[in-house]
Amino acid sequence: DLPCELHSWRQMAEYSPEMRQFACILHLYHIKAYDNLRKIFPLPHPYSLTKQVCIYFWLSNSEAAAGFSNGIFLRLQEKVERGDQAYRCCAVMLQDMSLQKQQEWDPQTRRLTGFVDLGAGILDADEAPLASEVIILMAVGISSPWTAPLGYFFVSSTTGRLLAQLLRQTINKLNNIGITVLAVTSGASARGAETARALGIRIDPERIRCTFQHPPGSAHSITYFFDVCHALQLIRNALQCFQKVQWLSDTMWWQHVVELAALQEQRVLEPCSPKSGRSRSKESYHLKVNLATPLFSEGVADALEHLQNLGLGSFRNCSGTVRFVRLMSSLCDVFYGRGPYGKGLKNPLLAGNYTKISNLFNEAKSFFVTLTDSMGRYIIKSKRKLGFLSFLLNAESLKWLYSNYMCPEGIPSHHLRTYAFSLDPLELFLRALQQACGSSRNPTCSVFQAAYHKLLASCSLSPGSPHGSGLGNASSSDVSLSRRRDPTLGSVRAQYNPARGRAVAVGFPFCAGLLLRSSPLSNALTDPSLGTRSIACAAGFVAEQLACDWQCEACLAALFESDESRLRCRSVLYVKKLGGVSLPSASVYHITSVLEQVLNWCGKGGDGDKNTELWRLSLEQKVFQELLGESPLFPTLTNHFFDGELSINNHYTILIKEIARCYLNIRTNLAQHLNLKYPCGRHRLKRLKGKHLLLSPLGSCQLSQTHMGS
């Protein structure tokens, strides 16, 4: 469809759609070929600001079509023109998503879809390639938590050079509306490394170049970051392959981490004083591993030290492992600073904490460059080096940003949200896209476009708004936790023992029979009132059930009544048990008590349909109404709740909602639990007020006491 004669190109008053497609594809896929062809044909300059002959203008579309989203850029421009300083600087990130290769007929446009589309129009032809991937771009505020999905591109294959050209066009388009791009983030992968090199980044520990110029040859520099979560996974893979790494006089053994993850729940007997009058066998704590603990965290380091102090043979000489884990934990804290209310290294990068962070980066560099395997070969030069190099590059980029955008006077940014340099905001948007696409794991082009259009319609660009980028009720702290769930103690256990990698909650209700001193729930579990005792058992079951899937280490620990006098970290818990029941925390018990009250009240209101979603939602609403004005729940998590954005939809509300839903599922689907096989005797059925059945664990408690006493 293209005119082949040179005079035909020169005599054109404007470029035809076919010419625009050709120019855009050639420019994105091979910039050198494009530059050479410009010497012959009158192709536009790649960074021309004239809309009629501008590459990024040709790649732009209205509504939710492939290419740059014009509506988003217009709204960003309005905010800049109003003088909103939060939108003057941003970071840009990109990520790809797999598609199902399939041709589909669109009855509205009367055209076939499913082909490659870079924004200049679909390549609709019999020999045109079908799209197998979609590339999504997003802008994120550095000093303010706003996000903006900038557009997407359907491609048949992705290369680092293509991604680099898309990034340059994105930066050019943002610069044209008055937004300065300070950083670019990609995944820590082979494709991400290729993208970085195509932009001019040098990933060499001895000569790291963390910035590239845009436009090429200009004075403006932009930093490059690799996603921290991806880098952590690569380091985990390296440790698994090498099994041990050495530096100077210390050694990090991967087996220590494996032994910690595989540690089984163990009963710890408490010595009783003569005054207590109780037998030793009735005093019971259970040591258990919190499988939601991130692999590279302070909690894992504390747990290893604690188990070493207990004299367990598997954890002897683990000081080197502890030091390695602590260093990685500190680096993670630096790169996950979200808001101005973080604690310690989780604070945003400020003038007051730069020296501490800079010293940490220097320590990490001297640490990484001296790491060797068992044969004495340097890890930083091995085939497992990318994870370590990613942290070194990120450290240099962060120091460069501080020196150039925070130290000079007149710079609008007073602090840097290091969270903006991870892929978490984009991953959250991709999760929302997957949910909007329905059950299709790899959606077709048309399904993806419909989902993107739906999310774009709810995008407000407001800082801190849960609907800021069309994300509904999702929380960015949750996606961070879910993405960091891969390198956790639970994932390590699953790799080495798949049958026990995922905890399975036992049947409801638990058996209760032992008494513990100083336990606030002991009276509840032995209360003469059948209802109180059953609620306490149900609360313990709810805690165990949520612990199977909960992704947050701190929140999981807060579900149980634990002995914190022994160990104040949350990776290893001393959970109190009465027979077979794990004692829930006082907050979990209080919530379930309120839930039971609400159920009793609602049970007096008639025999309507109580299995509908609307009825369940109304119950949850009544529970929140009852909890308003009560004493604060989960007091140990006060600081944790404010680690992320200041949003009402943080872990506090999510935790209450999940406890409520789990308990309501038990109570409204009680019939299915009656068929469970219980480990201790039969349960008697009793009817309480409000026409609700509860299981009585009385018989099982007596059997449990007899068995445990023997």
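Below, each value reflects all heavy atoms present in this structure, side chains not excepted, and no hydrogens, waters or symmetry copies.
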Mind checking the [atom1]-[atom2] spacing from [X] to [Y]? Nearest 0.5 Å is all I need.
X: Q545; Y: Y663; atom1: CD; atom2: OH; value: 14.0 Å
X: C318; Y: Q255; atom1: SG; atom2: CD; value: 12.5 Å
X: F315; Y: L260; atom1: CZ; atom2: CG; value: 5.5 Å
X: C332; Y: L295; atom1: SG; atom2: CG; value: 9.5 Å
X: I659; Y: K657; atom1: CD1; atom2: NZ; value: 12.5 Å
X: L426; Y: D227; atom1: CG; atom2: CG; value: 9.5 Å

For residues [X] and [Y], report the shortest heavy-atom separation together with the two atoms involved.
X: V140; Y: A420; answer: CG1-CB, 3.9 Å
X: T488; Y: P294; answer: CG2-CA, 4.1 Å
X: Q95; Y: L430; answer: CG-CD1, 3.5 Å

| task | Before giving the answer on side-chain contact (heavy atoms from CB on, under 4.5 Å), spell out for E427 and C229 the whole-Å C-alpha distance, their side-chain angles and the decisive distance to 0.1 Å. | result | CA-CA 11 Å; E427 288 281 350; C229 290; over 6 Å; no

[Y] backbone acceptor or donor facing [X] side chain under 3.5 Å:
X: T321; Y: W253; result: yes
X: R493; Y: L263; result: yes
X: T418; Y: V334; result: yes
X: S585; Y: A558; result: yes
X: S329; Y: V325; result: no

Sorted by chain and residue number, the salt bridge (Lys or Arg N to Asp or Glu O under 4.0 Å) partners of E305 (sequence neighbours excluded) come out as R326

Taken in chain and number order and not counting sequence neighbours, the residues that satisfy salt bridge (Lys or Arg N to Asp or Glu O under 4.0 Å) with R323 are D250

Hits for ring pair (Phe, Tyr, Trp, His ring centres under 6.0 Å) against F324, two or more places apart or cross-chain, chain-then-number order -> F367

- [ ] Quick one: do L423 and H230 satisfy side-chain contact (heavy atoms from CB on, under 4.5 Å)? Show the steps, please.
- [x] CA-CA 9 Å; L423 287 180; H230 291 168; 3.8 Å; yes

- Query: Which of parallel (below 30°), tilted (30 to 60°) and perpendicular (above 60°) describes F335 and F391?
  - Reply: perpendicular

Quiz item: Within a strict 4.5 Å, meaning less than it, do heavy atoms of the V542 and L559 side chains meet?
Solution: no

For a 4.5 angstrom cut-off between non-hydrogen side-chain atoms, does H256 reach V322? no

Should we count CG of N309 as having more than 12 external heavy atoms under 6.0 Å? yes

- For L327 and L360, what are the C-alpha separation, side-chain angles and deciding distance, and is it a side-chain contact (heavy atoms from CB on, under 4.5 Å)? CA-CA 8 Å; L327 176 64; L360 174 66; 3.7 Å; yes

Requested in this report: Could you please spell out the steps behind the side-chain contact (heavy atoms from CB on, under 4.5 Å) verdict for F429 and T147?
Outcome: CA-CA 10 Å; F429 183 72; T147 58; over 6 Å; no

